[in-house]
K.L.:
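This is the structure, below, for whatever I ask next.
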Amino acid sequence: MYSLAQPVHATLEIRKSRFIACVEPVADRASAQLRVAELRAEHPDAAHVCWALLAGGHSAAVDDGEPSGTAGRPMLEVLRHQQLDGVLATVVRYYGGIKLGAGGLVRAYTDAVAQALQQADKVAPVALVQVHCELPYAHESTARHLLAQAGGELLEVRHAGSVTLIMRLPEAALAGLQEQLLTATRGELAFRVLP
């Protein structure tokens, strides 16, 4: 499975209707729905904002008023055929006054997404892990610095008798970060991967 490095776009004109396609990386369904809402706000005069999602085992195919199965499902099939995950495909349609029929709509939505993907840079997804790390206060800034160097992100910090950091980082950087923190804290470290 692959994701995308950045969003890609394509615009098609078919019998006076304009189809504006975008395929972009997204983390989950909530992010996808937020992006679709943004597109509706950006294109208030559009007849339809159809979309398809493949992300983390979840999928969605939304026709947004087009005849059932003529927009979202064909777009989703293009994403599946391209072996993509963590992506949202959207097509904004401005209706031109000429009906395309069910077959014409399927071709239009499929072609719009396929043309956008012709420009795409596919990337292999990076496996991420969450880690619970507990260490003395004196080493908090060192831990933050090492986490940033490892390409990770700090999700939560709790201060009590010691500092607890909940972090997310690439799985490939996990062993190196643990080793660096053990050295920096001289072994005063509780470090475990969260399920």
Side-chain angles (χ1 to χ4, degrees), residues 1-96 100 102 104-130 147-148 150-155 167-173:
M1 298 300 273
Y2 298 93
S3 189
L4 300 180
Q6 70 272 334
V8 289
H9 305 272
T11 301
L12 295 179
E13 290 272 342
I14 300 172
R15 299 181 73 187
K16 298 187 180 179
S17 282
R18 189 162 44 124
F19 296 83
I20 304 166
C22 178
V23 184
E24 58 195 293
V26 294
D28 52 30
R29 187 180 185 97
S31 301
Q33 289 172 319
L34 200 61
R35 179 66 183 124
V36 170
E38 289 172 4
L39 283 171
R40 287 187 203 287
E42 289 172 24
H43 299 275
D45 297 332
H48 308 280
V49 180
C50 303
W51 57 282
L53 169 72
L54 277 176
H58 298 281
S59 64
V62 177
D63 294 320
D64 191 39
E66 292 284 26
S68 180
T70 61
R73 178 77 47 204
M75 293 163 59
L76 183 63
E77 290 308 313
V78 173
L79 299 181
R80 284 192 173 125
H81 180 73
Q82 295 281 331
Q83 297 181 325
L84 294 170
D85 189 45
V87 293
L88 167 68
T90 55
V91 177
V92 175
R93 179 184 183 196
Y94 284 90
Y95 181 59
L100 301 180
L105 288 171
V106 168
R107 278 189 301 281
Y109 283 99
T110 299
D111 290 351
V113 172
Q115 282 194 20
L117 285 171
Q118 286 177 351
Q119 309 161 52
D121 289 328
K122 291 183 183 177
V123 294
V126 175
L128 298 174
V129 292
Q130 285 193 17
L147 176 64
E153 114 183 74
L154 190 56
L155 302 176
M167 312 175 275
R168 181 175 24 225
L169 67 150
E171 189 173 25

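Just the heavy atoms: all of them, side chains too, but no hydrogens, waters or symmetry mates, feed the values below.
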K.L.:
For Q83, what residues pass the side chain to side chain contact (heavy atoms under 4.5 Å, CB included) criterion, not counting sequence neighbours?
P.N.:
M1, Y2
K.L.:
To the nearest 0.5 Å, what is the distance between CG on L117 and CG on L79?
P.N.:
6.5 Å
K.L.:
Distance check, rounded to the nearest 0.5 Å: T90 atom OG1 versus L39 atom CG?
P.N.:
4.5 Å
K.L.:
Could you tell me if the side chain of R18 sits less than 4.5 Å from the side chain of L12, heavy atoms only?
P.N.:
no
K.L.:
Taking only residues two or more places apart in sequence or in another chain, which ones pass salt bridge (charged side-chain N to carboxylate O under 4.0 Å, His left out) with R168?
P.N.:
E153
K.L.:
Go through the structure and list residues passing side chain to side chain contact (heavy atoms under 4.5 Å, CB included) with P25, not counting sequence neighbours.
P.N.:
S3, L4, P7
K.L.:
Does E77 have any side-chain hydrogen bond (donor to acceptor under 3.5 Å, both in side chains) partners at least two apart in sequence or in another chain, and if so, which?
P.N.:
R80
K.L.:
Measure the spacing between CG of L54 and CE of M75 and express it to the nearest 0.5 Å.
P.N.:
11.0 Å
K.L.:
Evaluate the side chain to side chain contact (heavy atoms under 4.5 Å, CB included) criterion for residues S59 and L76: first the C-alpha distance (whole Å), next the side-chain angles of each, then the deciding distance (0.1 Å), finally the verdict.
P.N.:
CA-CA 8 Å; S59 64; L76 183 63; 4.2 Å; yes
K.L.:
Roughly how far, to the nearest 0.5 Å, is the CZ atom of R29 from the CG atom of L53?
P.N.:
6.5 Å
K.L.:
Considering all heavy atoms of both residues, which atom of A61 and which atom of G72 are nearest to each other, and what is their separation?
P.N.:
CB-C, 3.5 Å
K.L.:
Using the side-chain hydrogen bond (donor to acceptor under 3.5 Å, both in side chains) criterion, which residues pair with Q33? Sequence neighbours excluded.
P.N.:
none
K.L.:
Looking at every heavy atom in both D63 and S68, which two are closest together, and how far apart are they?
P.N.:
OD2-CA, 3.4 Å
K.L.:
With ring pair (Phe, Tyr, Trp, His ring centres under 6.0 Å) as the rule and sequence neighbours excluded, what pairs involving residues 45-71 come up?
P.N.:
none
K.L.:
Of all residues at least two apart in sequence or in a different chain, which pass the salt bridge (charged side-chain N to carboxylate O under 4.0 Å, His left out) check with R73?
P.N.:
none
K.L.:
Quick one: side-chain hydrogen bond (donor to acceptor under 3.5 Å, both in side chains) partners of S31, sequence neighbours excluded?
P.N.:
D28
K.L.:
Report the residues that fulfil side chain to side chain contact (heavy atoms under 4.5 Å, CB included) with S17, sequence neighbours left out, ordered by chain and then residue number.
P.N.:
F19, R93, Y95
K.L.:
Could you walk me through whether L155 and M167 pass side chain to side chain contact (heavy atoms under 4.5 Å, CB included), step by step?
P.N.:
CA-CA 5 Å; L155 302 176; M167 312 175 275; 6.0 Å; no
K.L.:
Is there a side chain to side chain contact (heavy atoms under 4.5 Å, CB included) between E171 and L128? Walk through the geometry before answering.
P.N.:
CA-CA 5 Å; E171 189 173 25; L128 298 174; over 6 Å; no
K.L.:
Output all residues satisfying salt bridge (charged side-chain N to carboxylate O under 4.0 Å, His left out) with R40, sequence neighbours left out; order by chain, then residue number.
P.N.:
D64
K.L.:
Distance-only check: which donor-acceptor pairs under 3.5 Å involve side-chain atoms of residues 104-115, not counting sequence neighbours?
P.N.:
{"from": "R107", "atom 1": "NH1", "to": "G103", "atom 2": "O", "distance (Å)": "3.4"}
{"from": "Y109", "atom 1": "OH", "to": "E66", "atom 2": "OE2", "distance (Å)": "2.6"}
{"from": "T110", "atom 1": "OG1", "to": "V106", "atom 2": "O", "distance (Å)": "2.8"}

K.L.:
Evaluate the criterion side chain to side chain contact (heavy atoms under 4.5 Å, CB included) for residue pair K122 and Q82; output intermediate values, then yes/no.
P.N.:
CA-CA 10 Å; K122 291 183 183 177; Q82 295 281 331; 2.8 Å; yes
K.L.:
How close do A46 and V92 get, heavy atom to heavy atom, and via which atoms?
P.N.:
CB-CG1, 3.5 Å
K.L.:
Go through the structure and list residues passing side chain to side chain contact (heavy atoms under 4.5 Å, CB included) with D45, not counting sequence neighbours.
P.N.:
Y94
